[in-house]
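For reference, the structure is listed below as structure tokens.
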Amino acid sequence: MQLYKNFCKAVTDENGVLKDFKLDFPEDYNFGYDVVDKMARLAPDDIALQWTNPDHEEKTFTFADISRLSNMAANVLRNNGVKKGDRVLVILKRNYEYWYVAPALHKLGAVIIPATNMLTVDDILYRVKTADIKFAVSTPDGHNAEDLVEVSRRNPNLKKVFVARRDVEGTINFTSEMEKASDKLERVDTKAEEEMLIYFTSGTTGYPKAVIHNHTYTLAHIITAKYWQNVQEKGLHLTVAETGWGKASWGKIYGQWLCGCAVMVYDFDKFSPGKLLRIIERYKVTSFCAPPTVYRYFIKKDMSKYDLSSLKHITTAGEALNPEVFDRVFEQTGLHIMEGFGQTESVLMLANLAGTVSKPGSMGKPTPLYNTMIVDEQGNELPAGEVGEIVVVPDKNSKQYGIFMGYCGDDELYKKVWRNGVYHTGDTAYVDDDGYYWYVGRVDDLIKTSGFRVGPFEIENVLMEHPAVLECAVVGVPDDYRGQAIKAIVKTVDSVEPTKELAKEIKAFVNKKVSSYKWIHYLEFIDEMPKTISGKIKRTDIRNS
């Protein structure tokens with residue numbers, strides 16, 4: 001059953017390539033009720049989620065299962081005080097609970113804030129304060145539950161912490177409560193354009209920004225799933241991302257279920273390309289999406305040695321795709337990697353859509369949901385071949401769905417990126433003569449490493465805590481496996497001599513305090529930082545040195 005047809009008007013050509021697309025939905029649209037529950041009525045036995053882990057445990061959930069479990073989860077949350085509008089932090093990694101907790105929060109009209117399990121106590125404290133978070137749901141793995149208890153002790157605004165599958169002092173055992181909960185739930189009155197989801201995304205000039213999306217965000221991902229990832233009804237789609245990152249919304253729930261496609265989840269902690277390829281082989285995954293870093297590791301394992309005959313379509317996003325990777329994957333699988341581009345603030349903006357001919361290394365062309373162009377600093381559209389900022393110019397006669405509705409506590413920043421009625425992505429690119437977009441870089445120097453987005457400011461703050469550091473700058477440098485590696489440039493205080501031993505000490509100092517994906521891989525000392533007339537450090541000069 002493909003419910004996406006109920007919520008959009010799509011026009012395709014004779015090859016099935018999307019040419020025009022408009023959303024059409026009721027004002028009370030809610031993914032929990034209008035997709036999950038409806039699929040449970042129309043196709044109750046169709047698989048919604050196929051889950052496994054490195055210990056070979058398996059669980060299969062139908063749409064009827066997800067509907068019932070999400071009702072029970074909603075009742076547990078509501079019985080413990082969660083109500084419409086409350087913001088709930090959810091750290092569930094790739095645990096299967098995510099796929100019924102998320103719809104449960106949607107049904108209640110609460111706002112889900114997915115987060116990675118890599119967060120430290122300080123990271124969580126910042127999010128609780130910034131987004132006024134009152135509740136949290138935690139994975140049973142690692143020390144996240146204990147960290148959340150510590151956060152609630154230091155900031156009482158975090159009222160209750162739920163933990164799946166285990167008892168932790170100061171928390172509520174979510175699984176035990178589920179066993180006692182009713183599976184009946186009366187529909188809560190929610191509106192399509194009310195807050196539904198918040199993602200924190202790293203910036204380069206401050207702490208992570210809290211990006212707010214409404215319920216229509218789920219529908220805008222129809223293009224992502226149907227027309228880019230090319231998911232199939234009763235197929236099995238695998239996106240590698242952990243649920244704390246925005247790519248999970250792109251490839252692990254919304255568009256896929258709207259298209260009647262099951263989601264494959266491999267719940268791992270340590271990435272192993274061979275094991276992931278065996279998952280694709282064993283479960284007969286039909287479509288796959290991952291950042292270029294994953295494909296680089298796949299090439300090393302030689303994809304031709306695995307039975308990937310079920311795999312019909314592969315996509316990538318998150319960092320620039322090297323043409324060599326594109327060619328090697330094609331040699332080993334016969335499949336073209338179809339690249340796409342979007343942001344935490346948006347859905348799919350640019351893509352090599354299904355049915356088109358992709359250009360290796362190109363992000364593709366604008367999707368029909370957005371009027372995208374390249375402009376200079378004055379907002380003038382640039383001709384082919386000239387580098388400028390990617391912007392979206394909405395049709396004045398219609399609303400722009402899929403792009404976020406605001407930043408928590410930062411209206412000025414929202415106004416800045418939406419200046420003069422135009423959305424400024426902060427990413428630069430150029431367009432070739434055929435209309436394909438080619439990525440150049442971040443306007444604000446965001447680092448993309450192994451599929452993660454890292455803001456230099458966060459790491460620089462920790463660097464400055466070391467007594468030997470006078471000034472510093474953090475940049476991304478090319479890396480064959482990570483896409484970009486993190487490099488720190490340091491000027492020491494006058495009384496300290498830069499040495500190899502000091503470099504190791506500073507790296508260790510920082511890497512103990514930040515999440516592993518933010519670790520410094522290279523550190524270099526410098527006598528004087530290159531600066532602008534106004535005193536700002538010139539990162540471009542540092543990267544090119």
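Within the 6.0 Å centre-distance limit, the rings of His106 and Tyr254 are counted as a close aromatic pair. You'll find the ring centres of Phe330 and His336 inside the 6.0 Å limit. Between Trp51 and Tyr266, the ring centre distance reaches or exceeds 6.0 Å. Checked against the 6.0 Å centroid threshold, Tyr297 and Phe271 count as a close aromatic pair. In this structure, the ring of Phe288 has its center less than 6.0 angstrom from the ring center of Phe298.
For the residue pair Ser67/Asp37, the side-chain donor-acceptor check at 3.5 Å is satisfied. A donor atom on one side chain and an acceptor atom on the other are not found under 3.5 Å apart for Asn80 and Glu177. Between Ser249 and Tyr199, the side chains place a donor N or O and an acceptor N or O closer than 3.5 Å (distance only, hydrogens not considered). Under 3.5 Å, the side chains of Glu242 and Thr116 contain a donor-acceptor pair of N or O atoms. Between the side chains of His237 and Thr239, at least one donor N or O sits under 3.5 Å from an acceptor N or O. Side chains of Asp183 and Asn71: no donor on one and acceptor on the other come within 3.5 Å.
Note that CG of Leu148 and CG of Leu89 are 6.5 Å apart. Values are rounded to the nearest 0.5 Å. Atoms NZ and OG1, from Lys518 and Thr449 in turn, are 12.5 Å apart once rounded to the nearest 0.5 Å. The CG atom of Leu369 sits 10.5 Å away from the CG atom of Leu219 when rounded to the nearest 0.5 Å. Separating the OG1 atom in Thr224 from the CG atom in Leu348 is a distance of 5.0 Å, to the nearest 0.5 Å. For the atom pair OG1 (Thr243) and CD1 (Ile253), the distance works out to 9.5 Å, reported to the nearest 0.5 Å. Note that OG1 of Thr190 and CG of Leu108 are 10.0 Å apart. Values are rounded to the nearest 0.5 Å.
The minimum heavy-atom distance between Pro26 and Ala192, with the atom names listed, is O-CB, 3.9 Å. In terms of heavy-atom proximity, Ile198 sits nearest to Ala210 at CG2-CB, 3.9 Å. The heavy-atom pair separating Met338 from Trp228 by the smallest distance is O-NE1, 3.0 Å. Considering all non-hydrogen atoms of both residues, Met72 and Met178 come closest at CE-O, 3.0 Å. Arg166 approaches Gly142 most closely through the heavy-atom pair NH2-O, 3.3 Å. Across every non-hydrogen atom of Asn214 and Met196, the tightest pair is C-CB, 3.7 Å.
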- Task: Go through the steps to decide whether Val265 and Tyr96 satisfy the test side chain to side chain contact (heavy atoms under 4.5 Å, CB included), and finish with yes or no.
- Result: CA-CA 8 Å; Val265 176; Tyr96 53 80; over 6 Å; no
- Query: Step by step, would you call Val188 with Lys107 a side chain to side chain contact (heavy atoms under 4.5 Å, CB included)?
  - Reply: CA-CA 7 Å; Val188 176; Lys107 288 178 177 182; 6.0 Å; no
- Message: Checking Tyr370 against Tyr401 for the ring pair (Phe, Tyr, Trp, His ring centres under 6.0 Å) test, could you report, in this order, the C-alpha distance in whole Å, the side-chain angles of both residues, the deciding distance, and whether it holds?
- Response: CA-CA 9 Å; Tyr370 298 116; Tyr401 297 111; over 10 Å; no
- Where do Glu58 and Arg282 land on the salt bridge (Lys or Arg N to Asp or Glu O under 4.0 Å) test, with the steps shown first? CA-CA 12 Å; Glu58 290 182 315; Arg282 177 182 175 186; 3.0 Å; yes
- List the steps and the verdict of side chain to side chain contact (heavy atoms under 4.5 Å, CB included) for Ile113 and Ile133. CA-CA 9 Å; Ile113 305 179; Ile133 295 170; 3.5 Å; yes
- Thr367 and Leu350: side chain to side chain contact (heavy atoms under 4.5 Å, CB included), yes or no, with the steps? CA-CA 5 Å; Thr367 63; Leu350 307 166; 5.9 Å; no
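Using a distance-only test at 3.5 Å, with no hydrogens or angles considered, a donor-acceptor pair links the side chain of Glu281 to the main chain of Asp307. Under the 3.5 Å distance criterion, the side-chain polar atoms of Ser138 are left unmatched by any main-chain donor or acceptor of Ile91. Of the possible donor and acceptor atoms, one in the side chain of Tyr126 sits under 3.5 Å from a partner among the backbone N and O of Pro208. Remark: the backbone N or O of Ala241 is paired with a side-chain donor or acceptor of Lys252 at under 3.5 angstrom. A donor-acceptor contact shorter than 3.5 Å links the side chain of Asn144 to the backbone of Asn117.
Annotation: cation-pi pair Lys160/Phe135 absent, no NZ/CZ under 6.0 Å from the ring centroid and within 45° of its normal. No cation-pi contact links Lys247 to Trp245, judged by a cut-off of 6.0 Å to the six-membered ring centre and 45° from its axis. A cation-pi contact, defined as under 6.0 Å to the ring centre and within 45° of the axis, is absent between Lys284 and Tyr306. For Arg127 and Phe200, the positive end sits near the middle of the six-membered ring, less than 6.0 Å away and at most 45° from its axis.
At most 12 non-hydrogen atoms from other residues, nucleotides or ligands lie less than 6.0 angstrom from CD of Glu324. At most 12 non-hydrogen atoms from other residues, nucleotides or ligands lie less than 6.0 angstrom from CG of Asp480.
Between Asp34 and Arg187 there is a salt bridge, with a side-chain nitrogen of the basic residue lying less than 4.0 Å from a carboxylate oxygen of the acidic one. In summary, Arg154 and Asp122 engage in a salt bridge, as defined by a charged side-chain N under 4.0 Å from a carboxylate O. Taking a cutoff of 4.0 Å between a charged side-chain nitrogen and a carboxylate oxygen, Asp132 and Lys134 qualify as a salt bridge. Salt bridge status for Asp141 with Lys93: present, with a side-chain N to carboxylate O gap under 4.0 Å. Ion pairing between Asp189 and Lys191 holds under the 4.0 Å rule for side-chain N and carboxylate O.
At a threshold of 4.5 Å between non-hydrogen side-chain atoms, the residues Leu105 and Val90 count as touching. Between Thr218 and Val35 there is no side-chain heavy-atom pair separated by less than 4.5 Å. Side-chain contact between Ile223 and Leu18 is present, with heavy atoms from C-beta onward closer than 4.5 Å. Two residues are said to be in side-chain contact when any heavy atoms from C-beta on lie closer than 4.5 Å; Val128 and Val151 meet this criterion. Looking only at side-chain heavy atoms (C-beta outward), Lys275 and Phe268 stay at 4.5 Å or farther from each other. Taking the side chain as every heavy atom from C-beta outward, Leu185 and Asn75 approach each other to under 4.5 Å. Residues Phe162 and Thr171 form no side-chain contact, since every pair of their non-hydrogen atoms from C-beta on lies 4.5 Å or further apart. Between Ile486 and Trp519, the closest side-chain pair of non-hydrogen atoms is not below 4.5 Å.
Screening Lys84, Arg87, His213 for a side-chain hydrogen bond (donor to acceptor under 3.5 Å, both in side chains) with Glu195, the sole residue that qualifies is Arg87.
The aromatic rings of Tyr407 and Phe404 lie tilted to each other, with the angle between the two planes from 30° to 60°.
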